[in-house]
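Let me begin by presenting the structure, written as structure tokens, before commenting on it.
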Amino acid sequence: MLSRIRDEQAAWRVLVDEVGRDRMLEPGPMGDWSFRDLVVHLLGWRERTIARLEAAAAGREVPPDPWPDGLGSDDGVNDWIQEQGRDRSVADVLADADRSFDRLAAALDAFPDERLTDPGGVPGFEGYPLATTDWLSHWHVEHEASVRRWLAERA
């Protein structure tokens, strides 16, 4: 599990280099969103997951969502996440994204093996054995193909 996260981090670093610092604010990887905007989006959701894992590993209650109640659908949450990250620099966003892999690995590593494999072993993640969960599937399923197309079009 930790090895998969490290492999994903290495692949992410290659992608960031492929995009290039000079294209981070260029619209297109996700409609009007720039690559930086996409990273803000991914971080918003990942930070929530990491906070839940860290709390569960420490024996604390699952924290509330970082966004206000009443935003409605995921689109409302995504709009809120974008608003919160609007003024963040590319360097800060990319550094936080890279650190998020380390935080995710550390949070998961804090659990004893028996809790990682128990589908009911972690509050807030009932039904999902942590050891077999693909923690980065959202990126791969929802966003990676459009970023790859954007990169190919601009090559």
Side-chain angles (χ1 to χ4, degrees), residues 1-111 122-125 128 130 133-155:
M1 174 183 64
L2 298 179
S3 176
R4 286 192 320 261
I5 293 169
R6 293 294 171 222
D7 290 347
E8 289 283 351
Q9 185 177 33
W12 178 258
R13 288 173 176 168
V14 169
L15 176 68
V16 167
D17 287 345
E18 189 177 345
V19 170
R21 300 288 174 152
D22 58 323
R23 296 183 61 204
M24 290 288 163
L25 299 176
E26 184 180 307
M30 286 299 303
D32 290 336
W33 281 6
S34 67
F35 189 78
R36 186 201 66 90
D37 295 335
L38 175 59
V39 177
V40 166
H41 162 76
L42 294 170
L43 269 171
W45 290 97
R46 189 177 298 163
E47 290 291 329
R48 171 189 181 231
T49 298
I50 292 169
R52 288 175 166 201
L53 289 168
E54 290 169 340
R60 297 187 313 264
E61 286 188 39
V62 174
D65 291 336
W67 42 81
D69 290 336
L71 293 179
S73 67
D74 287 349
D75 288 340
V77 173
N78 289 335
D79 291 344
W80 183 87
I81 290 170
Q82 285 303 309
E83 181 60 29
Q84 300 307 300
R86 182 184 50 168
D87 296 326
R88 295 192 63 204
S89 73
V90 168
D92 286 346
V93 169
L94 293 177
D96 281 352
D98 194 65
R99 277 190 295 271
S100 74
F101 289 95
D102 299 329
R103 286 187 59 219
L104 177 60
L108 291 166
D109 196 37
F111 288 98
V122 179
F125 296 93
Y128 299 95
L130 302 185
T133 298
D134 182 352
W135 295 102
L136 303 160
S137 64
H138 179 75
W139 153 247
H140 292 297
V141 171
E142 298 292 328
H143 303 296
E144 185 176 18
S146 66
V147 171
R148 298 281 180 204
R149 277 192 302 276
W150 174 71
L151 285 170
E153 291 167 1
R154 307 295 286 185

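Reckoned from all heavy atoms, side chains included, excluding hydrogens, waters and symmetry mates.
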### Summary
Heavy-atom closest pair (P63 atom, A55 atom, distance to 0.1 Å) is CD-CB, 3.7 Å
### Query
What distance do W135 atom CH2 and I50 atom CD1 have between them, rounded to the nearest 0.5 Å?
10.0 Å
### Task
Identify the heavy atoms of T49 and F125 that sit nearest to each other, and give their distance.
O-CZ, 4.0 Å
### Task
Determine yes or no for a side-chain-to-main-chain donor-acceptor pair under 3.5 angstrom, with S34 supplying the side chain and P27 the backbone.
no
### Student check: side-chain heavy atoms of D37 and R86 closer than 4.5 Å
no
#### Entry: Heavy-atom side-chain contact between V16 and V39 under 4.5 Å
no
#### Entry: Residues that D109 engages under side-chain contact (heavy atoms from CB on, under 4.5 Å), provided they are two or more places apart
L2
#### Entry: Side chains of F35 and V90 in contact at under 4.5 Å (non-hydrogen atoms)
no
### Message
Heavy-atom count check: over 12 atoms from other residues, nucleotides or ligands less than 6.0 Å from D32 CG?
### Response
no
### Task
Output every pair passing ring-ring contact (aromatic ring centres under 6.0 Å, His included) with a member in residues 65-96, not counting sequence neighbours, ordered by first then second residue.
W45-W67
### Message
Would you compute the distance between atom CD of E8 and atom OG of S137 and round it to the nearest 0.5 angstrom?
### Response
9.5 Å
### Query
Rounded to the nearest 0.5 Å, how far apart are CD of Q82 and CG of L38?
8.5 Å
### Summary
Hits for side-chain contact (heavy atoms from CB on, under 4.5 Å) against R154, two or more places apart or cross-chain, chain-then-number order -> R23, E26, W150
#### Entry: Carboxylate-amine/guanidinium contact D96 R88, below 4.0 Å
yes
In residues 100-108, what donor-acceptor pairs under 3.5 Å come from side-chain atoms, sequence neighbours left out?
from : atom 1 : to  : atom 2 : distance (Å)
S100 : OG     : R46 : NH1    : 2.7
S100 : OG     : A97 : O      : 2.6
D102 : OD1    : R6  : NH1    : 2.7
D102 : OD1    : Q9  : NE2    : 3.3
R103 : NE     : E54 : OE2    : 3.3
R103 : NH1    : E47 : OE1    : 2.4
R103 : NH1    : E47 : OE2    : 3.3
R103 : NH2    : E54 : OE1    : 2.9
R103 : NH2    : E54 : OE2    : 3.1

### Task
Find out whether V40 and W33 are in side-chain contact, i.e. whether some heavy atom of one side chain is under 4.5 Å from a heavy atom of the other.
no
### Query
How long is the gap from CG on L94 to OG on S89, to the nearest 0.5 Å?
8.5 Å
### Task
Could I get the full list of side-chain contact (heavy atoms from CB on, under 4.5 Å) partners for D79, not counting sequence neighbours?
none
#### Entry: D65 vs R52 side-chain heavy atoms within contact, under 4.5 Å
yes
### Task
Return each pair, listed once, that meets salt bridge (Lys or Arg N to Asp or Glu O under 4.0 Å) where at least one residue sits in residues 139-149; pairs must be two or more places apart or across chains.
E18-R148, E144-R148
### Summary
d(L43 CG, I81 CD1) to nearest 0.5 Å is 9.5 Å
